[in-house]
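First comes the structure, then the notes that go with it.
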Amino acid sequence: SQKIEQNSEALNIQEGKTATLTCNYTNYSPAYLQWYRQDPGRGPVFLLLIRENEKEKRKERLKVTFDTTLKQSLFHITASQPADSATYLCALDVGGPYNFNKFYFGSGTKLNVKP
Amino acid sequence: GAGVSQTPSNKVTEKGKYVELRCDPISGHTALYWYRQSLGQGPEFLIYFQGTGAADDSGLPNDRFFAVRPEGSVSTLKIQRTERGDSAVYLCASSSGGIDNEQFFGPGTRLTVL
(Lines give C-alpha, C1' and ligand atoms only; values in the text may rest on other atoms or scores of the structure.)
Protein backbone atom coordinates (compact mmCIF):
# COMPACT_ATOMS: atom_id res chain seq x y z
CA SER A 1 0.00 0.00 0.00
CA GLN A 2 1.03 3.61 -0.39
CA LYS A 3 2.39 5.30 2.69
CA ILE A 4 4.02 8.50 3.84
CA GLU A 5 5.68 8.03 7.20
CA GLN A 6 6.99 10.58 9.62
CA ASN A 7 8.16 9.76 13.11
CA SER A 8 5.06 10.00 15.28
CA GLU A 9 7.14 10.39 18.44
CA ALA A 10 8.03 13.94 19.39
CA LEU A 11 11.63 15.01 18.88
CA ASN A 12 13.08 16.76 21.91
CA ILE A 13 16.34 18.64 21.47
CA GLN A 14 18.35 21.30 23.22
CA GLU A 15 18.48 24.84 21.91
CA GLY A 16 21.41 25.38 19.54
CA LYS A 17 21.49 21.78 18.33
CA THR A 18 20.49 20.56 14.87
CA ALA A 19 17.08 18.95 14.54
CA THR A 20 16.68 16.27 11.87
CA LEU A 21 13.23 15.09 10.82
CA THR A 22 12.52 12.22 8.46
CA CYS A 23 9.90 11.63 5.80
CA ASN A 24 9.78 8.17 4.22
CA TYR A 25 7.39 7.08 1.52
CA THR A 26 6.55 3.94 -0.39
CA ASN A 27 4.95 3.31 -3.76
CA TYR A 28 5.01 6.92 -4.87
CA SER A 29 7.21 8.64 -7.42
CA PRO A 30 6.76 12.29 -6.54
CA ALA A 31 8.10 14.97 -8.83
CA TYR A 32 8.65 17.09 -5.75
CA LEU A 33 8.19 17.20 -2.02
CA GLN A 34 7.27 20.09 0.26
CA TRP A 35 7.82 20.74 3.96
CA TYR A 36 5.35 22.70 6.08
CA ARG A 37 5.28 23.92 9.66
CA GLN A 38 2.07 23.76 11.71
CA ASP A 39 1.47 25.44 15.05
CA PRO A 40 -1.42 24.36 17.32
CA GLY A 41 -4.77 25.65 16.11
CA ARG A 42 -3.30 27.05 12.88
CA GLY A 43 -3.09 25.93 9.29
CA PRO A 44 0.24 24.66 7.90
CA VAL A 45 2.76 27.19 6.61
CA PHE A 46 4.96 26.39 3.61
CA LEU A 47 8.71 26.22 4.24
CA LEU A 48 10.55 24.58 1.35
CA LEU A 49 10.10 22.59 -1.84
CA ILE A 50 12.63 20.17 -3.28
CA ARG A 51 12.41 18.57 -6.71
CA GLU A 52 13.24 14.99 -7.65
CA ASN A 53 16.36 16.11 -9.51
CA GLU A 54 17.64 18.14 -6.54
CA LYS A 55 19.65 16.42 -3.86
CA GLU A 56 19.67 19.27 -1.37
CA LYS A 57 18.07 22.66 -0.82
CA ARG A 58 18.79 25.32 1.77
CA LYS A 59 16.93 28.33 3.13
CA GLU A 60 18.46 30.22 6.03
CA ARG A 61 18.74 27.67 8.89
CA LEU A 62 16.74 25.04 7.01
CA LYS A 63 18.14 22.27 4.84
CA VAL A 64 16.19 19.59 2.98
CA THR A 65 17.54 16.53 1.21
CA PHE A 66 15.67 14.24 -1.17
CA ASP A 67 16.81 10.72 -2.01
CA THR A 68 14.48 9.17 -4.58
CA THR A 69 16.32 5.84 -4.38
CA LEU A 70 15.81 5.54 -0.63
CA LYS A 71 12.39 7.25 -0.99
CA GLN A 72 13.30 9.57 1.83
CA SER A 73 13.55 13.26 2.61
CA LEU A 74 15.43 14.68 5.58
CA PHE A 75 14.62 18.09 7.02
CA HIS A 76 17.24 19.81 9.14
CA ILE A 77 17.00 22.89 11.33
CA THR A 78 20.42 24.12 12.42
CA ALA A 79 21.03 26.26 15.51
CA SER A 80 17.54 25.40 16.70
CA GLN A 81 15.59 27.85 18.84
CA PRO A 82 12.59 27.38 21.14
CA ALA A 83 10.55 29.30 18.54
CA ASP A 84 11.16 26.41 16.14
CA SER A 85 8.96 24.19 18.33
CA ALA A 86 6.04 23.08 16.15
CA THR A 87 4.81 20.13 14.10
CA TYR A 88 6.55 19.65 10.77
CA LEU A 89 4.74 18.01 7.87
CA CYS A 90 6.02 16.65 4.60
CA ALA A 91 3.77 16.69 1.54
CA LEU A 92 4.28 14.69 -1.64
CA ASP A 93 3.08 15.59 -5.07
CA VAL A 94 1.22 12.44 -6.06
CA GLY A 95 -0.64 13.76 -9.07
CA GLY A 96 1.70 12.41 -11.70
CA PRO A 97 2.46 14.09 -15.01
CA TYR A 98 -1.15 15.13 -15.71
CA ASN A 99 -2.11 16.54 -12.33
CA PHE A 100 0.52 18.65 -10.72
CA ASN A 101 -1.61 19.76 -7.84
CA LYS A 102 -2.52 16.77 -5.72
CA PHE A 103 -0.69 16.42 -2.45
CA TYR A 104 -0.63 13.79 0.24
CA PHE A 105 0.68 14.77 3.67
CA GLY A 106 2.51 12.76 6.28
CA SER A 107 1.19 12.73 9.83
CA GLY A 108 3.87 15.17 11.00
CA THR A 109 6.56 15.13 13.66
CA LYS A 110 6.35 17.38 16.71
CA LEU A 111 9.60 19.16 17.49
CA ASN A 112 10.26 20.50 20.98
CA VAL A 113 13.31 22.76 21.37
CA LYS A 114 14.22 23.28 25.00
CA PRO A 115 16.06 26.40 26.18
CA GLY B 1 -2.52 41.43 2.52
CA ALA B 2 -5.42 39.20 3.46
CA GLY B 3 -4.76 35.51 3.72
CA VAL B 4 -7.12 32.61 3.31
CA SER B 5 -10.14 32.91 5.56
CA GLN B 6 -12.58 30.21 6.62
CA THR B 7 -15.95 30.50 8.27
CA PRO B 8 -17.18 29.50 10.71
CA SER B 9 -14.14 28.85 12.86
CA ASN B 10 -16.14 26.34 14.88
CA LYS B 11 -19.27 24.44 14.01
CA VAL B 12 -21.15 22.12 16.34
CA THR B 13 -23.99 20.15 14.82
CA GLU B 14 -26.09 17.11 15.51
CA LYS B 15 -25.78 13.80 13.74
CA GLY B 16 -27.84 13.79 10.56
CA LYS B 17 -27.77 17.55 10.00
CA TYR B 18 -26.44 19.40 6.95
CA VAL B 19 -23.47 21.78 7.21
CA GLU B 20 -21.73 24.21 4.91
CA LEU B 21 -18.15 25.35 5.40
CA ARG B 22 -16.88 28.40 3.54
CA CYS B 23 -13.44 29.26 2.23
CA ASP B 24 -12.30 32.65 0.92
CA PRO B 25 -8.98 32.15 -0.91
CA ILE B 26 -6.33 34.72 -1.55
CA SER B 27 -7.48 37.01 -4.36
CA GLY B 28 -6.22 35.85 -7.72
CA HIS B 29 -5.34 32.32 -6.65
CA THR B 30 -6.78 29.92 -9.21
CA ALA B 31 -6.10 26.71 -7.30
CA LEU B 32 -8.10 25.85 -4.17
CA TYR B 33 -7.84 22.77 -1.99
CA TRP B 34 -9.91 21.24 0.77
CA TYR B 35 -8.33 18.96 3.37
CA ARG B 36 -9.56 17.26 6.50
CA GLN B 37 -7.31 16.91 9.54
CA SER B 38 -7.97 14.67 12.52
CA LEU B 39 -6.07 14.98 15.79
CA GLY B 40 -2.49 13.81 15.48
CA GLN B 41 -2.76 13.31 11.73
CA GLY B 42 -1.66 15.28 8.71
CA PRO B 43 -4.10 16.98 6.35
CA GLU B 44 -6.04 14.46 4.26
CA PHE B 45 -6.69 15.52 0.65
CA LEU B 46 -10.38 15.89 -0.23
CA ILE B 47 -10.73 17.93 -3.42
CA TYR B 48 -8.82 20.34 -5.63
CA PHE B 49 -10.29 23.10 -7.81
CA GLN B 50 -8.61 24.81 -10.72
CA GLY B 51 -10.78 27.82 -11.41
CA THR B 52 -14.44 26.86 -11.17
CA GLY B 53 -14.04 23.19 -11.91
CA ALA B 54 -13.14 20.36 -9.59
CA ALA B 55 -9.95 19.02 -11.13
CA ASP B 56 -9.71 16.13 -8.69
CA ASP B 57 -12.37 15.08 -6.17
CA SER B 58 -10.98 11.63 -5.53
CA GLY B 59 -10.44 12.36 -1.83
CA LEU B 60 -14.09 12.99 -0.99
CA PRO B 61 -14.95 10.06 1.29
CA ASN B 62 -18.47 9.45 -0.01
CA ASP B 63 -21.40 11.11 -1.73
CA ARG B 64 -22.43 12.97 1.43
CA PHE B 65 -19.55 15.35 0.70
CA PHE B 66 -19.75 17.91 -2.07
CA ALA B 67 -17.86 21.11 -2.83
CA VAL B 68 -18.49 23.99 -5.19
CA ARG B 69 -16.62 27.04 -6.43
CA PRO B 70 -19.11 28.68 -8.77
CA GLU B 71 -17.23 31.87 -9.61
CA GLY B 72 -13.69 30.63 -9.25
CA SER B 73 -13.14 32.36 -5.94
CA VAL B 74 -15.09 31.45 -2.78
CA SER B 75 -15.65 27.74 -2.22
CA THR B 76 -18.19 25.92 -0.06
CA LEU B 77 -17.77 22.40 1.28
CA LYS B 78 -21.15 20.80 1.92
CA ILE B 79 -21.70 17.77 4.11
CA GLN B 80 -25.08 16.07 4.18
CA ARG B 81 -26.40 13.76 6.90
CA THR B 82 -23.40 14.40 9.10
CA GLU B 83 -21.96 11.52 11.12
CA ARG B 84 -19.83 11.58 14.27
CA GLY B 85 -16.88 10.36 12.20
CA ASP B 86 -17.02 13.59 10.18
CA SER B 87 -15.74 15.49 13.23
CA ALA B 88 -12.38 17.02 12.31
CA VAL B 89 -10.72 20.29 11.32
CA TYR B 90 -11.48 21.15 7.71
CA LEU B 91 -8.67 23.12 6.10
CA CYS B 92 -8.78 25.15 2.93
CA ALA B 93 -5.70 26.22 0.97
CA SER B 94 -5.17 28.29 -2.14
CA SER B 95 -2.28 28.58 -4.53
CA SER B 96 -1.27 30.65 -7.51
CA GLY B 97 0.91 27.82 -8.76
CA GLY B 98 4.26 29.48 -8.95
CA ILE B 99 7.66 27.89 -8.93
CA ASP B 100 7.16 26.19 -5.55
CA ASN B 101 3.42 25.51 -5.87
CA GLU B 102 3.13 26.89 -2.34
CA GLN B 103 -0.21 26.32 -0.67
CA PHE B 104 -1.50 29.05 1.64
CA PHE B 105 -3.71 27.56 4.32
CA GLY B 106 -6.58 29.08 6.21
CA PRO B 107 -7.02 28.58 9.97
CA GLY B 108 -9.54 25.81 9.45
CA THR B 109 -13.09 25.10 10.60
CA ARG B 110 -13.40 22.75 13.55
CA LEU B 111 -16.49 20.61 12.96
CA THR B 112 -17.96 18.66 15.85
CA VAL B 113 -20.82 16.27 15.19
CA LEU B 114 -22.64 15.26 18.36
Side-chain angles (χ1 to χ4, degrees), chain A residues 2-10 21 23-25 28 30-52 54 57 59 62 64 66 73 75 86-110, chain B residues 2-7 9-10 21 23-26 29-51 53-60 69 75 88-111:
Chain A
Q2 298 169 321
K3 285 185 183 178
I4 302 169
E5 293 183 329
Q6 296 185 255
N7 195 339
S8 58
E9 290 185 12
L21 307 175
C23 177
N24 294 299
Y25 59 94
Y28 291 117
Y32 55 88
L33 183 150
Q34 298 174 325
W35 282 89
Y36 287 79
R37 168 186 173 138
Q38 187 172 27
D39 291 282
R42 313 286 290 268
V45 174
F46 174 82
L47 297 173
L48 277 171
L49 174 146
I50 187 164
R51 290 181 169 74
E52 59 178 341
E54 297 175 317
K57 200 147 190 192
K59 180 181 177 182
L62 308 181
V64 173
F66 193 12
S73 176
F75 176 81
T87 295
Y88 291 86
L89 300 157
C90 65
L92 271 62
D93 146 56
V94 298
Y98 303 108
N99 182 357
F100 295 108
N101 295 289
K102 182 172 182 177
F103 299 92
Y104 284 171
F105 280 80
S107 56
T109 298
K110 191 169 192 304
Chain B
V4 177
S5 62
Q6 294 187 246
T7 53
S9 55
N10 280 283
L21 312 179
C23 172
D24 278 87
I26 293 172
H29 280 190
T30 57
L32 185 146
Y33 306 81
W34 283 99
Y35 295 89
R36 177 169 69 175
Q37 188 172 28
S38 301
L39 193 63
Q41 300 297 313
E44 174 194 3
F45 172 85
L46 295 178
I47 185 170
Y48 151 61
F49 287 90
Q50 183 63 39
D56 189 327
D57 64 357
S58 61
L60 295 177
R69 195 185 185 199
S75 177
V89 175
Y90 288 81
L91 292 165
C92 173
S94 70
S95 173
S96 63
I99 192 167
D100 284 345
N101 215 359
E102 176 180 353
Q103 297 177 72
F104 294 83
F105 281 83
T109 293
R110 181 175 297 278
L111 175 67

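Chain letters run A, B, ... following the sequence lines, proteins first and then strands; every chain starts at 1.
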Name the region of [X], side chain, backbone, both or neither, that has any atom closer than 4.5 Å to a heavy atom of chain A.
X	result
B:Gln37	side chain
B:Ser9	neither
B:Tyr35	side chain

Taking every non-hydrogen atom, the tightest pair across B:Asp56 and A:Lys102
OD2-CD, 3.1 Å
Might you point out which heavy atoms bring B:Pro43 and A:Leu89 nearest each other, and give the distance in Å?
CD-CD1, 4.0 Å
Any sub-3.5 Å donor-acceptor pair from A:Tyr36's side-chain atoms to B:Gln103's backbone N or O?
yes
Pick whichever of A:Cys90, A:Pro44, A:Gly106, A:Gly43 has the most heavy-atom pairs under 4.5 Å with chain B.
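Of the candidates given, the most pairs with chain B belong to A:Pro44.
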Quick one: which of B:Tyr33, B:Tyr48, B:Phe45 gives a side chain to side chain contact (heavy atoms under 4.5 Å, CB included) with A:Phe103?
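Among B:Tyr33, B:Tyr48, B:Phe45, the one meeting side chain to side chain contact (heavy atoms under 4.5 Å, CB included) with A:Phe103 is B:Tyr33.
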Enclosure of A:Arg51 CZ (heavy-atom neighbours >12, cutoff 6.0 Å):
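It does: A:Arg51 CZ has more than 12 such atoms within range.
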Go through the atoms of A:Gln38 and report whether side chain, backbone, both or neither lie under 4.5 Å from a heavy atom of chain B.
side chain
